[in-house]
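Naming: A, B, ... by sequence-line order, numbering from 1 per chain.
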2 protein chains.
Amino acid sequence: MDRHAPLYEIKANLFKALAHPVRIRVLELLTAEPAGEVAVSELLTATDLEASHLSQHLSVLRRHRVVTSRRAGSSVLYRPAHPRIVDLLLVAREFLHDTIDATQRQRDELTELPALRA
Amino acid sequence: MDRHAPLYEIKANLFKALAHPVRIRVLELLTAEPAGEVAVSELLTATDLEASHLSQHLSVLRRHRVVTSRRAGSSVLYRPAHPRIVDLLLVAREFLHDTIDATQRQRDELTELPALRA
DNA sequence: ACCCGATATGATGAATTGCTCAATCCATCA
DNA sequence: TGATGGATTGAGCAATTCATCATATCGGGT
């Protein structure tokens, strides 16, 4: 991969790997599963994507070692490659929760004050 | 921003905001500072970028509420907008630490075994 | 061996993002 | 107010990433 690049570049690449709605969706499906493993076929029905399209995103996640896969007969099972990946999603969620709340409050104030003036 | 999009899309956008080496570098400078605040001028000398270039990246970080800024006289100070942002970088670092270690070991094995055969 | 369902890869044009340069804004100080 | 240093914004082109389609691979069953 890019192991010989400066650390901030490697880190940026990791975030790049996560920077797509389909890939986030896949990761959330993987982390939601108690078994920890999900078959491509399940991802396919859950996301309603074209097979090759999903496969390309899975390939990105694999290339960045965010997930690992193993064959089980004719199907392929994916799982998060490391517990920290799950953590990243959780921390992101906490951040967004607080941030969206704050901007919501801000918006509420903005839409409320003019009303009081009327 | 994009508050009315599905959550996985919002999350992807957050990671997009982090998905660039310059922005990672800036965030690391911000989180390294015990004062918690760093002036644009300092970022400028630390990163050795063109002012407008840095400014564009700061703008991305602001737009996604990853950092906040305030004016102090003629200069502008930036800081991480939320403790979770710092956490994201730390978790990413842990993940990369483990992952790079693992691939390094793998590579070592690969380069070692052929040698033994000779 | 052949076929079939499941998954992965490769190539192409479309869309997004990043970089460079010029222009603008904003605060300070003379 | 005019000039100056610090920071931001906007426009145009280059580079990257995405979606779609066609093709290829891999296992399992016949």
Side-chain angles (χ1 to χ4, degrees), chain A residues 1-2 5-6 8-27 29-30 37-79 81, chain B residues 1-2 5-6 8-27 29-30 37-79 81:
Chain A
M1 213 202 302
D2 49 10
Y8 56 80
E9 192 159 345
I10 299 182
K11 231 179 260 188
N13 280 334
L14 167 59
F15 288 120
K16 251 184 229 175
L18 305 178
H20 191 286
V22 167
R23 298 197 286 270
I24 293 294
R25 212 119 103 69
V26 166
L27 284 175
L29 289 167
L30 296 188
E37 278 187 325
V38 182
V40 172
S41 58
E42 297 179 56
L43 294 174
L44 217 62
T45 65
T47 60
D48 197 36
L49 291 168
E50 213 188 323
S52 76
H53 193 190
L54 173 61
S55 207
Q56 306 229 38
H57 286 292
L58 289 174
S59 159
V60 171
L61 292 174
R62 259 185 286 123
R63 197 162 49 247
H64 290 266
R65 297 172 202 279
V66 169
V67 302
T68 61
S69 64
R70 70 182 181 92
R71 254 213 132 79
S74 68
S75 67
V76 177
L77 303 178
Y78 279 79
R79 66 163 71 220
Chain B
M1 213 202 299
D2 49 12
Y8 56 81
E9 193 159 347
I10 300 183
K11 231 179 259 187
N13 280 334
L14 168 60
F15 288 120
K16 250 185 232 175
L18 305 178
H20 192 286
V22 167
R23 298 198 285 272
I24 294 293
R25 212 120 103 69
V26 166
L27 285 175
L29 289 167
L30 296 188
E37 277 187 325
V38 181
V40 171
S41 57
E42 296 179 57
L43 295 175
L44 225 83
T45 64
T47 59
D48 196 36
L49 291 169
E50 213 189 323
S52 77
H53 193 191
L54 173 60
S55 208
Q56 305 225 37
H57 286 293
L58 289 173
S59 160
V60 171
L61 292 173
R62 260 185 285 122
R63 195 161 50 247
H64 289 267
R65 297 175 202 278
V66 169
V67 302
T68 62
S69 65
R70 70 183 180 90
R71 253 213 133 78
S74 67
S75 66
V76 178
L77 303 178
Y78 279 80
R79 67 162 71 222

Participant: Do any side-chain atoms of residues 41-52 of chain A form donor-acceptor pairs under 3.5 angstrom with protein atoms, and if so which ones, sequence neighbours left out?
Facilitator:
| unit_1 | atom_1 | unit_2 | atom_2 | d |
| --- | --- | --- | --- | --- |
| A:Thr45 | OG1 | A:Glu42 | O | 3.0 |
| A:Thr47 | OG1 | A:Leu43 | O | 2.7 |

Participant: I want to check something: taking the side chain as every heavy atom from C-beta on, are B:Leu18 and A:Leu18 in contact at a cut-off of under 4.5 Å?
Facilitator: no
Participant: Please enumerate all residues that pass ring pair (Phe, Tyr, Trp, His ring centres under 6.0 Å) together with B:His57, with sequence neighbours excluded.
Facilitator: B:His20, B:His53
Participant: Are side-chain heavy atoms of A:Leu14 and A:Val66 found at a separation under 4.5 Å?
Facilitator: yes
Participant: Going by side-chain hydrogen bond (donor to acceptor under 3.5 Å, both in side chains), name the pairs with one or both residues in residues 68-77 of chain B, residues two or more places apart or in two chains.
Facilitator: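 Those involving residues 68-77 of chain B are B:Glu37-B:Arg70.
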Participant: Near DNA chain D, counting only heavy atoms under 4.0 Å, which residues of residues 49-57 of chain B show up?
Facilitator: B:Ala51, B:Ser52, B:Ser55, B:Gln56
Participant: Along DNA chain C, 5' to 3', what are the outermost nucleotides having an atom less than 4.0 Å from a heavy atom of chain B?
Facilitator: C:dT17 to C:dT28
Participant: Under 4.5 Å between any side-chain heavy atoms of B:Val67 and B:Arg79, yes or no?
Facilitator: no
Participant: Donor-acceptor pair, distance only, cut-off 3.5 Å: does the side chain of A:Arg23 make one with the backbone of A:Ala17?
Facilitator: yes
Participant: Is the closest side-chain heavy-atom distance between A:Pro21 and A:Arg25 below 4.5 Å?
Facilitator: no
Participant: Within this structure, what is the CD1-CD1 distance for the pair B:Ile24 and A:Ile10, rounded to the nearest 0.5 Å?
Facilitator: 12.0 Å
Participant: Where does the chain A footprint on DNA chain D start and end, counting 5' to 3' with a 4.0 Å heavy-atom cut-off?
Facilitator: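 Counting from the 5' end, contacts occupy D:dT17 to D:dG28.
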Participant: Should A:Val76 and A:Tyr78 count as side-chain neighbours, where that means a heavy-atom distance under 4.5 Å?
Facilitator: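 They are in contact (side-chain heavy atoms under 4.5 Å apart), so the answer is yes.
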